Each structure stands twice: as structure tokens, then as C-alpha cells.
Amino acid sequence: MTKVLEIVKCSDSSRWYANKVGQYVPFLEDCGNEYKSLQDPDPQMSGHRFINFVLKTDCVLVENSDD
């Protein structure tokens, strides 16, 4: 089983996940009042993914079955 973050709201429209409400993003680590995640690849940056953070109040940590 892996863990993912379900974005349930975005309290700040300038955050990277503002357009991802209702979607799942990778979970990397618990960092206090935020979770560490991976931001989608930036087409301008040759598909590189960037580590970024999601406020715990904006998401739900979900165990994802790897069937």
C-alpha cells in the first residue's frame, strides 16, 4: 500500500495545487503542519518534477491499494 494526498480544498489560490481540488497527489513525508509531495512536471522544464508542500488542512492522507 502506498499513501497519497487527496486535495479537498485550497485555502490560498496561489498554491501549486489550487487547480487540483478533488485530485490525488503523491505523499512523500509528514512535515508538521504540511505534507511533502511532488508537483506535476513543468512542460517548460523538460518534465522535471519538483518537491512541494500541501497544507494538512487542505488535504486528506489516503492509503492507496496498489492492486
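All values reported here derive from a predicted model rather than from experimental measurement.
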J.: Is it the case that one hydrophobic cluster holds both V4 and V60, taking links as side-chain heavy atoms less than 4.5 Å apart, direct or via other members?
T.: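 In one cluster: yes.
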J.: Can you pull out every ring pair (Phe, Tyr, Trp, His ring centres under 6.0 Å) where at least one residue sits in residues 9-28? Sequence neighbours excluded, please.
T.: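 Pairs touching residues 9-28 that pass the test: F27-Y35.
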J.: Would L5 and L61 count as a side chain to side chain contact (heavy atoms under 4.5 Å, CB included) if you check the C-alpha gap in whole Å, the side-chain angles of each, and the deciding distance to 0.1 Å?
T.: CA-CA 5 Å; L5 302 173; L61 182 60; 3.7 Å; yes
J.: Could you tell me if the side chain of V25 sits less than 4.5 Å from the side chain of Q23, heavy atoms only?
T.: no
J.: E34: which residues meet the side-chain contact (heavy atoms from CB on, under 4.5 Å) condition with it, sequence neighbours left out?
T.: R15, F53, L55
J.: Please enumerate all residues that pass salt bridge (Lys or Arg N to Asp or Glu O under 4.0 Å) together with K3, with sequence neighbours excluded.
T.: none
J.: Output the distance between atom CG (D58) and atom NZ (K20), rounded to the nearest 0.5 Å.
T.: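 Those atoms lie 14.0 Å apart.
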J.: Once you round to the nearest 0.5 Å, how far does CD of E29 lie from OG of S37?
T.: 12.0 Å
J.: Identify the two heavy atoms, one from A18 and one from C10, that lie closest to each other, and give their separation to 0.1 Å.
T.: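 Looking at all heavy atoms of both residues, the closest pair is CA-SG, 3.6 Å.
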J.: Minimum heavy-atom separation for G32 to K56, with atom names?
T.: O-NZ, 2.6 Å
J.: For N19 and V21, indicate whether the former's side chain and the latter's backbone hold a donor-acceptor pair under 3.5 Å.
T.: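 No, N19 side chain to V21 backbone: no donor-acceptor pair under 3.5 Å.
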